[in-house]
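Just follow the structure's listing: the first ligand is 1, and inside any ligand the first atom is 1.
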Amino acid sequence: MALIDLVIDEKMLMYASLSSYVRWDTQKSPHLVVSGVTGSGKTYLVKLIIGRISKYITDSQITICDFKGDNSDFSGLIGAKRYYRFDDALRGFNEFYDCFLHRQRYNDSMNFRLILIEEYASLLNYLPKSESEEIKRKLSSLLMLARSFNFHVLLSQQRLDAEYFGKARDNFNVVITLGNVSKEVRDMLFSSYKDEITPDRSRGTGYMITNGADFRRIVVPQINNMDLLNQYIKDAVDR
Ligand SMILES: Nc1ncnc2c1ncn2[C@@H]1O[C@H](COP(=O)(O)OP(=O)(O)OP(=O)(O)O)[C@@H](O)[C@H]1O
């Protein structure tokens, strides 16, 4: 079992003597989704998450499907083993899925494997319907079955509409929204916590709900050394 420091619990910042980090239990809560409007800090947070995975789970292997393909975010990964940019993202997803099936069939290794899909919804919209339906089906299967094989999914996208997930959205154990949320998102995800939803969320702040129950107002930690973080990410994408 691995525990990774994820984000800062805003409430805990008041108690300087206690750790304010929210720890992600990768076994209990295997899959994550990060959403928020453009510029809310999604890529910044997912980079932090995968960099930490690489640092603390030293045999972890990460696949990045960067449909967004914005050159500044993952530019150092061009040519890395499991980095798939823009329309190559579909190939990356399918290779990850095939590795999952291989592990299911042969149970030959159990190291931590994670796929990050940047702009999952845009990828689906880009593909012909038959291919996007195929991805949705495979994603559902990963979300439901991958935990016991130490396979994990991390999605980043602007909106969490049900149309992109089929019935699978509830299988994201950790849901993080950054920036202010719309009334629809509030009613959909945080209906039991309406009093804690305030219009003061800015870039790098938001809400997190774990396993449908553990709700927190959160702050994304600062990245102190981006070069080092990029190196950790590259290590896990290449190893
Ligand atoms: N917590 C943070 N602290 C400091 N800077 C941040 C933080 N979050 C994001 N930024 C900066 O804000 C800018 C936008 O962040 P980012 O690209 O992560 O947003 P995004 O939600 O992924 O946007 P888009 O959907 O347009 O890709 C970047 O320059 C990033 O470095």
Legend entry - Steps toward side chain to side chain donor-acceptor pair (under 3.5 Å) verdict (Asn111, Arg103): CA-CA 10 Å; Asn111 73 316; Arg103 185 172 291 185; 2.5 Å; yes
Inset, instruction - With atom 3 (N) of ligand 1 as the reference point, say which of Gln222, Gln157, Glu118, Gln158 has the nearest heavy atom. - result: Gln222
Inset, instruction - Find the distance between CG (Asp170) and CE (Met144) and round it off to the nearest 0.5 Å. - result: 11.0 Å
Legend entry - Residue, atom name and distance, where the atom is the protein heavy atom closest to atom 25 (O) of ligand 1: Lys42 NZ, 2.8 Å
Legend entry - For Thr43, atoms of ligand 1 separated by under 4.0 Å from a heavy atom: 18 (O), 22 (O)
Inset, instruction - Answer yes or no: is there a donor N or O on one side and an acceptor on the other, between the side chain of Ser191 and the main chain of Met188, under 3.5 Å? - result: no
Legend entry - Ring center gap for Phe190 and Phe215 short of 6.0 angstrom: yes
Inset, instruction - May I ask you to check whether Tyr84 and Phe93 place their ring centers less than 6.0 Å from one another? - result: no
Legend entry - Heavy-atom proximity to atom 5 (N) of ligand 1, best of Glu119, Arg203, Lys47: Arg203
Legend entry - Contact atoms of ligand 1, heavy-atom distance to Gly204 under 4.0 Å: 1 (N)
Inset, instruction - Considering the heavy atoms of Val37, write down every atom of ligand 1 situated less than 4.0 Å from one of them. - result: 21 (O)
Legend entry - Heavy-atom protein contact below 4.0 Å for atom 28 (C) of ligand 1: no
Inset, instruction - Describe, in one word, how the ring planes of Tyr126 and Phe67 are oriented to each other, choosing from parallel (under 30°), tilted (30 to 60°) and perpendicular (over 60°). - result: tilted
Inset, instruction - Considering only protein heavy atoms, determine whether one is less than 4.0 Å from atom 31 (O) of ligand 1. - result: yes
Inset, instruction - Output the distance between atom OH (Tyr232) and atom CZ (Arg52), rounded to the nearest 0.5 Å. - result: 11.5 Å
Legend entry - Closest approach of any protein heavy atom to atom 24 (P) of ligand 1, naming residue and atom: Thr38 OG1, 3.5 Å
Inset, instruction - Run the numbers for me: atoms of ligand 1, each under 4.0 Å from some heavy atom of Lys68, listed by number. - result: 22 (O), 24 (P), 27 (O)
Inset, instruction - Could you tell me the residue and atom name of the protein heavy atom closest to atom 15 (O) of ligand 1, and the distance to it rounded to 0.1 Å? - result: Gly41 CA, 3.8 Å
